[in-house]
2 protein chains.
Amino acid sequence: MIYIMKIYMAPRNRTTPYAVLGMLHIRPMSGYDIRKEAETSLGYFWSESYGQLYPALRDLAAAGLIRRRAGGRTGTRERQVYEITASGREALALWRTQPPRPTPVRSELLLKLFFGNRASTGPELNWIDDVLATETAALRDFRRIRSELRLQGDHPSLPFWLITLGYGEHRSRAVIRWCRESRKALRAMVRGAGRKATRR
Amino acid sequence: MIYIMKIYMAPRNRTTPYAVLGMLHIRPMSGYDIRKEAETSLGYFWSESYGQLYPALRDLAAAGLIRRRAGGRTGTRERQVYEITASGREALALWRTQPPRPTPVRSELLLKLFFGNRASTGPELNWIDDVLATETAALRDFRRIRSELRLQGDHPSLPFWLITLGYGEHRSRAVIRWCRESRKALRAMVRGAGRKATRR
DNA sequence: CATGATATATATCATCCAGATATCTGTCCA
DNA sequence: TGGACAGATATCTGGATGATATATATCATG
């Protein structure tokens, strides 16, 4: 029997280099800057870890997609600033046309809630209060970012920035609604359990 | 100078074994069943890959937290069904009291949108239409699940299942709203570019 | 009834990725 | 003067994904 071996060279995710390329497309940055950016403005939909970042910068520079240059000492120590090259822009543009791959979800909070039991309610309410606080703060940030973007005039990426920002806003509002709803449900459940306990 | 070495034995995430334990707490299952469950009913907030699943089952069985037994041939091939043990239940209960760790977000869709440019709009509308279709289908599923849960009477975990389900519903509705809004924005942008192009 | 597509089922391996850790310098402030 | 802290670069371990391999049984289809 004849069979065909599919060799297709494992098209792994490998998104980190493109994320880096995209960040450097906006403006030249150091590794530290990229991380900062991912923590603050992109944090609600993208995260980068050092363990991926620095190797990616090295590899991209070796491939000629970015260029390393001394960035002067803005503060304390010699900065290594990277800027995107023409071929880097090409690679980014090509990647941008490929459909995005869905990233798996893993919410430990929801998993722990899912395994919850009426008989042994514990710190669930606190967890939900924490989420509520986080998302409320996020919503404040989004409002600030939105007004900053409005003032900034029209960058060619502005419509897309507003779209991603909109995602964050919709998401946060939904989570806040869920928190309030779930708090009610949890409190009702605890009261129910209490009543049963006293009636006994 | 005297300094203290923090050795704290890398409290890595290691959530897979507990996810498995939790699933087996609900009912005895095979590895395949767990994966199926994660793909369908838990899919909107939790995912498991085979690469973690089978080693976790082996390790948990070796540690005595679960027990392996022959599950008869339900269909095609000998099934290896696992059930949770008393010490497994204890481990699960302990883990459940620990606060959940936040899991990093990485949405390739939003990243690609963020790097978008007014000058070169491409397949973004299609991506958003895909999301819209997915979330609409998810919402239908949630409705079905909700009515199934209502019929099922009162399992001690029911209130928690409704809470996680509520999360999925709120989230899907928010994403759907975002899709509609973003489609409008994208179409307006393309029209704007078109007008500029014809005016030239 | 051969053929192939598909579902059930278990398992491994190559990468990819997160987070902990290490190290160093300058600034602020008590 | 000394410590806390922020800016900065980097590495390593171990956890997680997804592709792949291997089998068997079922079911539609010509």
Side-chain angles (χ1 to χ4, degrees), chain A residues 1-20 29-40 43 46-59 61 68 70-82 101-108 111, chain B residues 1-20 29-40 43 46-59 61 68 70-82 101-106 108:
Chain A
M1 182 192 163
I2 297 163
Y3 59 94
I4 297 150
M5 270 191 81
K6 296 183 197 172
I7 308 218
Y8 60 84
M9 218 52 237
R12 278 328 194 356
N13 245 346
R14 211 86 195 80
T15 41
T16 298
Y18 294 102
V20 169
M29 280 187 268
S30 69
Y32 193 76
D33 291 335
I34 294 173
R35 182 66 212 276
K36 265 285 146 80
E37 211 68 28
E39 259 178 5
T40 57
W46 195 257
S47 63
E48 273 306 333
S49 59
Y50 285 123
Q52 288 294 109
L53 205 48
Y54 285 101
L57 285 170
R58 210 196 299 112
D59 297 348
R68 180 177 180 157
R73 35 182 66 255
T74 327
T76 62
R77 182 172 157 179
E78 196 60 42
R79 282 161 51 87
Q80 305 300 328
V81 173
Y82 295 87
R101 328 187 91 209
T103 18
V105 241
R106 291 198 120 206
S107 165
E108 215 179 281
L111 189 69
Chain B
M1 180 194 165
I2 297 164
Y3 58 96
I4 298 151
M5 272 190 79
K6 297 183 194 170
I7 308 218
Y8 60 84
M9 218 51 239
R12 277 331 190 358
N13 243 345
R14 209 90 196 78
T15 41
T16 298
Y18 295 102
V20 168
M29 279 187 268
S30 68
Y32 194 75
D33 290 335
I34 293 173
R35 182 67 212 277
K36 263 287 147 80
E37 211 67 30
E39 258 178 6
T40 57
W46 194 257
S47 63
E48 274 305 335
S49 59
Y50 285 125
Q52 288 294 109
L53 204 48
Y54 286 102
L57 284 170
R58 210 196 298 112
D59 297 349
R68 179 177 181 158
R73 36 183 65 255
T74 328
T76 62
R77 182 171 157 180
E78 194 60 41
R79 283 160 52 86
Q80 305 299 328
V81 172
Y82 294 87
R101 328 189 91 209
T103 19
V105 242
R106 291 198 121 205
E108 216 179 280

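Chain identifiers are assigned alphabetically (A, B, ...) following the order of the sequence lines, protein sequences preceding nucleic acid strands; residue numbering begins at 1 within each chain. The figures that follow rest on heavy atoms only: side chains count, while hydrogens, waters and symmetry mates do not. In this text, all values refer to a predicted model and were calculated from it rather than measured experimentally.
For the OP1/OP2 pair of D:dT17 and a distance below 4.0 Å, the side-chain nitrogens and oxygens of A:Arg106 include at least one atom meeting the criterion. OP1 or OP2 of D:dG7 has at least one side-chain nitrogen or oxygen of A:Tyr32 nearer than 4.0 Å. Side-chain nitrogen and oxygen atoms of B:Ser47 include at least one within less than 4.0 Å of the OP1 or OP2 phosphate oxygen of D:dT17. OP1 or OP2 of D:dA16 has at least one side-chain nitrogen or oxygen of B:Gln52 nearer than 4.0 Å. Phosphate proximity of C:dT10 to B:Tyr54: present, with a side-chain N or O under 4.0 Å from OP1 or OP2. Remark: A:Ser30 is not in phosphate contact with D:dG7, judged by side-chain N or O atoms under 4.0 Å from OP1 or OP2. An OP1 or OP2 oxygen of D:dA16 is reached within less than 4.0 angstrom by a side-chain nitrogen or oxygen of B:Arg14. Applying the 4.0 Å criterion to OP1 and OP2 of D:dA6, one finds that A:Arg35 has every side-chain N and O outside that range. Considering only side-chain N and O atoms, B:Thr15 lies under 4.0 angstrom from the phosphate OP1 or OP2 of D:dA16. Distances shown here put a side-chain N or O of A:Thr16 below 4.0 Å from the OP1 or OP2 atom of C:dC17.
Across all strands, B:Gly31 comes closer than 4.0 Å only to sugar-phosphate atoms, never to a base (heavy-atom distances). At a threshold of 4.0 angstrom between heavy atoms, the contacts of B:Arg58 are confined to the sugar-phosphate backbone, with no base atom among them.
Atoms CG (B:Asp59) and P (C:dT10) sit 17 Å apart, rounded to a whole Å. For the pair B:Glu108 CD and C:dC16 C1', the computed distance is 13 Å after rounding to whole Å. One interatomic measurement links the two molecules: CG of A:Leu53 to P of C:dA20, which rounds to 17 Å at whole-angstrom precision. The CD-P distance, from B:Glu37 to C:dA9, rounds to 13 Å in whole Å. Atoms CD (B:Glu48) and C1' (D:dG18) sit 13 Å apart, rounded to a whole Å. The CD1-P distance, from A:Ile34 to D:dG7, rounds to 16 Å in whole Å. Rounded to whole Å, the distance from CG on B:Leu57 to C1' on C:dT12 is 14 Å.
At its two ends the helix from C:dC1-D:dG30 to C:dA30-D:dT1 runs along axes set 30° apart, each axis drawn from five pairs and the angle rounded to 10°.
Ranking D:dG18, C:dA11, C:dA18 by closeness to the B:Tyr50 side chain, first place goes to C:dA11. Counting only heavy atoms from C-beta on, A:Tyr82 has its side chain closest to D:dA10 among D:dA10, D:dG18, C:dG19.
For the pair B:Val105 and A:Gly43, the tightest heavy-atom approach, listed with the atom from each and the gap, is CG2-O, 3.7 Å. When all heavy atoms are compared, the tightest approach of B:Ala19 to A:Leu111 is CB-CD2, 3.7 Å.
The CZ atom of B:Arg106 sits 8.5 Å away from the OG1 atom of A:Thr103 when rounded to the nearest 0.5 Å. Within the model, atoms CZ of B:Arg58 and CZ of B:Arg68 stand 9.5 Å from one another, a figure rounded to the nearest 0.5 Å. Between atom CD of residue A:Gln52 and atom CZ of residue A:Arg14 there is a gap of 6.0 Å, rounded to the nearest 0.5 Å. To the nearest 0.5 Å, atoms OH (B:Tyr50) and OH (B:Tyr32) are separated by 5.5 Å. To the nearest 0.5 Å, atom CG of residue B:Leu53 and atom CZ of residue B:Arg35 are 8.0 Å apart.
With sequence neighbours left out, B:Ser30 forms a side chain to side chain donor-acceptor pair (under 3.5 Å) with B:Asp33.
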